[in-house]
A.B. asks: 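The structure follows.
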Amino acid sequence: MSQTGSVRKRKDKDAVFPAKSKDASTTGIVAPRGTDLDELVKANQARRGAAVEWDFRIALAIITALAFLTRFWGISHPNEVVFDEVHFGKFASYYLERTYFFDVHPPFGKLLFALMGWFVGYDGNFHFENIGDSYITNKVPYVAYRAMPALLGALTVPVVFDIMWESGYTLPACILSASLVLFDNAHIGQTRLILLDATLVFAMACSLLAYIKFYKLRHEPFGRKWWKWLLLTGFALSCVISTKYVGLFAFVTIGSAVAIDLWDLLDVNRRQGALDLVDFGKHFLARVFGLIIVPFFFYLFWFQVHFAILYRSGPGDDFMSPEFQETLSDNIMAANAVTINYYDNIQIKHKETNGFLHSHPDRYPLRYDDGRVSSQGQQVTGYPYADANNHWQIIPANNDHVMGRAVKNNDLVQLRHVVTDTMLLSHDVASPYYPTNQEFTTVSVADADEKRRNDTLFEIRIENGKVSQEFKSLQGQFKLIHYPSKVAMWTHTSPLPDWAYKQQEINGNKNLGQSSNIWFVDSIPSIPEGDQRLVKKERKVKSLPFLKKWFELQRAMFHHNNALTSSHPYASQPFMWPFLLRGVSFWTQNDTKQQIYFLGNPLGWWIASSLLAVYAGIIAADQLSLRRGVDALDARTRSRLYNSTGFFFLAWATHYFPFYLMGRQLFLHHYLPAHLASALVTGALLEFVFNVEPIVDDVVDAKSGKKSAAAPKKHLPAREKLAGQNLFTSWAALGVIVAIVIGGWYYFLPLTYGYPGLSVEQVNARKWLGYDLHFAK
């Protein structure tokens, strides 16, 4: 053997083996070739019969049973609303009542809860308003609701086992990966409540499993099973992203693996022979169809179901455009909309902050705190309550005094503040808080008619309005555009100083496209009783094309999801998650000192996180040794380490690092998909570290001393490649690790299941990293 050959132990280091190639193994792992190994495997199989498969099947059955036991045990406790059940339970009730609601997450996971409610005949009359509300008193079938995530959480554990099994790992490796999820308090806690993450994690795990099974068939392309697993991978991916948008990370994981696979298919030196561009195009288009087009259409399908069910007006109306709201029956806005005529007195309200356009005699100070000078004009502010100072008369640009004429889209108007008899104006003076935005103030009617006339002209620009469309109250959401300078009237929630009574700032926004520029007329105080405009006419529910409704909802969901930037007492940063530095308080009961504190199994998480670092170190060391001419790994081990374990590490990285780029609120549960991937890496490294005497698959030419390869001969999973080897050290390591993990799981069980209540001493004993637990005093 050459000096640059493997430095790992061989059974006969002086032996020269027949030339053989890298494995075309179905798991992407390099397999040893040669008649000696084949005979060993056959002899082992003859001796053990079908015992190898039964070992795995029995272990899978036991693990599955334990998964159901740990997820369903005591699922009826507590019999009160817990944490975010106030949201997702409420959404299920809205589905059952057919009432339109708005949420930043796609509908698939919430539809599953509604399905469970429908199965048990529930009508959705309870709306989960407050944490701690009694399910028993309100007769809510909450156990049925909780059974859905518990079922998916329980099934996630055998899927993890199957991922390792299908990847060809030994039984100890499969058991370890599954056990890290099975005995994890965070996975258990999140799957026993009416929450979405069980659906997300299960679908993500299924996508990994389906893709591995598809990849194993890569040497039999376009067959029935090849298409089946390709399409199932796409379906699983659609379920992930149809539950939460962080499911996009699963697409990145699978997409990266597919890109590498396609790159390999382009290689003209492939062992299986070069593909011509036509065949490569077929492979490429098949993957585009199965992993992009099919998931997208399933994604659209769940929204179609969403729209079909929610046909009644509800709390989600305000997030949608008037055009969208007209598609909902019983919509108050559409039913009560009144045409606005010139010379009406109106109250204008900001859609996003619910502040009224307001003015009072007080003036802007000469200088602001930063030294800038104001116009000292009359203050125009946003005020949250109905008030006479919110009344504005709408006047046509030509002030023709013609009564009874409707205001229309794109009309130029003036707004007269009724109480102070002054005209709304914007000009090229910086606003109090935004030096780049224009100040809004008022001027006298005389000035507005003469030298300041242009500065008092505004355009009514109705959102999605048609030419000459009548301007209506409630329904006519609009932007008020200053005619000369083309800025939009805008406000925000930061209060002005005491000189403006802490009211909202109103200014001119140069970014006309912002959705926060939208206002609507809340009421018409001057309209007389008995006016024809108040006569209610029978309204027909309108329809909109599906894609138009879908695009509008998508924009609203993305906008409000990105706006979730406010602080939360239990929010955490991504760097805290692998080390489990803090959890989340879900529920407490003062009388019994019981609490549910969302926290992973610290021992399990620390082991998995440590082995992620070990894996990175192994890869770095291997690359360094190769650069120095030392081949420290046999080909099978290296291929497995880079391809299979590398795929799991990729899944962890793509589900973890993107959170560092997010500005929204983040919580520990966002790490659960990444934790599952870290469990897979841990199981793979168990086999790598404790695998005794790896099979010889580096073929050495006796003359040159160089490694060589020949045509593939037989596809063997790793558990058969290791047939006949002593796995005692792997089993021993497994026993120690699982014992440690079970110990951590059991110690924190009272915080996961919410019972029994703990004494002050017991609570403090569990504050390992200063966890902010209740009842610690």
Side-chain angles (χ1 to χ4, degrees), residues 88 90-115 117-118 124 196 199-200 203 231 234-248 250-251 288-335 337 351 462-467 469 474-477 513 515 518 539-562:
F88 303 115
K90 179 184 300 180
F91 297 150
S93 290
Y94 285 147
Y95 274 124
L96 295 172
E97 293 180 324
R98 307 297 184 91
T99 302
Y100 188 79
F101 68 90
F102 176 82
D103 182 40
V104 296
H105 300 302
F108 177 66
K110 294 167 290 189
L111 284 168
L112 291 180
F113 289 128
L115 180 64
W118 180 77
L196 295 181
T199 308
L200 177 77
L231 294 175
F235 177 72
L237 288 173
S238 75
C239 291
V240 182
I241 201 167
S242 297
T243 302
K244 285 188 174 183
Y245 284 124
V246 292
L248 178 64
F251 275 88
V288 169
F289 174 75
L291 301 178
I292 298 177
I293 296 176
V294 168
F296 179 69
F297 275 99
F298 272 112
Y299 176 72
L300 291 180
F301 171 74
W302 302 122
F303 279 93
Q304 177 58 42
V305 174
H306 178 79
F307 292 140
I309 293 175
L310 304 179
Y311 63 84
R312 292 176 177 167
S313 179
D317 295 8
D318 291 343
F319 294 90
M320 314 310 297
S321 68
E323 192 176 18
F324 188 106
Q325 293 184 45
E326 287 182 339
T327 67
L328 303 170
S329 65
D330 309 319
N331 180 255
I332 297 175
M333 182 205 70
K351 180 182 177 182
I462 300 174
E463 280 292 279
N464 302 311
K466 299 176 182 177
V467 177
Q469 176 179 327
L474 300 176
Q475 189 178 36
Q477 297 181 2
S515 60
I518 295 177
R539 187 181 71 88
K540 293 184 179 179
V541 177
K542 297 182 180 180
S543 62
L544 275 180
F546 165 73
L547 287 179
K548 190 169 184 178
K549 295 173 68 176
W550 179 77
F551 274 116
E552 179 178 336
L553 181 56
Q554 291 295 289
R555 286 195 299 269
M557 291 167 71
F558 288 139
H559 170 72
H560 288 280
N561 196 16
N562 292 331

A.B. asks: Without hydrogens or angle criteria, can the side chains of E552 and S321 be said to hold a donor-acceptor pair below 3.5 Å?
C.D. replies: yes
A.B. asks: If you measure from CZ on F324 to CG on L553, what distance do you get to the nearest 0.5 Å?
C.D. replies: 6.0 Å
A.B. asks: Where do P295 and G234 come nearest, in terms of heavy atoms and distance?
C.D. replies: CG-O, 3.2 Å
A.B. asks: Assess whether atom CH2 of W550 is packed by more than 12 heavy atoms of other residues, nucleotides or ligands within 6.0 Å.
C.D. replies: yes
A.B. asks: Nearest 0.5 Å, please: how far is CE in M320 from CZ in R555?
C.D. replies: 8.5 Å
A.B. asks: What are the two closest non-hydrogen atoms of T327 and V541, and how far apart are they?
C.D. replies: O-CG1, 3.1 Å
A.B. asks: With no hydrogens and no angle check, is any side-chain donor or acceptor of D317 less than 3.5 Å from a backbone partner on G314?
C.D. replies: yes
A.B. asks: Can you tell me how far the CG atom of L196 sits from the CZ atom of F88, to the nearest 0.5 Å?
C.D. replies: 4.0 Å
A.B. asks: Output the distance between atom CG (L231) and atom CG (L291), rounded to the nearest 0.5 Å.
C.D. replies: 8.5 Å
A.B. asks: For the side chain of E463 and the backbone of Q477, is there at least one donor-acceptor N/O pair under 3.5 Å apart?
C.D. replies: no
A.B. asks: Decide side-chain contact (heavy atoms from CB on, under 4.5 Å) for K90 and F101; before the verdict, give the C-alpha distance in whole Å, the side-chain angles of both, and the deciding distance to 0.1 Å.
C.D. replies: CA-CA 10 Å; K90 179 184 300 180; F101 68 90; over 6 Å; no
A.B. asks: Among Q475, K548, K542, which residue satisfies the side chain to side chain donor-acceptor pair (under 3.5 Å) criterion with E323?
C.D. replies: K548
A.B. asks: If you compare all heavy atoms of P106 against all heavy atoms of T243, which two are closest, and at what distance to 0.1 Å?
C.D. replies: CD-O, 3.6 Å
A.B. asks: Between atom CD1 of I309 and atom NZ of K110, what is the distance when rounded to the nearest 0.5 Å?
C.D. replies: 11.5 Å
A.B. asks: Parallel, tilted or perpendicular for F307 and F546, by the 30°/60° rule?
C.D. replies: perpendicular
A.B. asks: For the rings on F297 and F301, is their centre-to-centre separation under 6.0 Å?
C.D. replies: no
A.B. asks: Write down the atom of L544, the atom of K549, and the distance for their closest heavy-atom approach.
C.D. replies: CB-CG, 3.6 Å
A.B. asks: Answer with yes or no after comparing the ring centroid distance for F108 and F298 against a 6.0 Å cut-off, counting only values under it.
C.D. replies: no
A.B. asks: Looking only at heavy atoms, which two atoms of H306 and P107 are closest? And how far apart?
C.D. replies: ND1-CB, 3.8 Å
A.B. asks: Compare every heavy atom of V240 with every heavy atom of G247, then report the nearest pair and how far apart it is.
C.D. replies: CA-CG1, 3.2 Å
A.B. asks: State the CG-OH distance between D330 and Y311, to the nearest 0.5 angstrom.
C.D. replies: 9.0 Å
A.B. asks: Taking the side chain as every heavy atom from C-beta outward, state whether F113 and Y95 have any atom pair closer than 4.5 Å.
C.D. replies: no
A.B. asks: Whether the side chain of S242 engages the backbone of C239 through a donor-acceptor N/O pair (distance < 3.5 Å, no angle test) should be reported.
C.D. replies: no
A.B. asks: A quick test of your reading: do over 12 heavy atoms of other residues, nucleotides or ligands sit less than 6.0 Å from CD1 of I332?
C.D. replies: no
A.B. asks: Centres of the F91 and H105 rings: under 6.0 Å?
C.D. replies: no
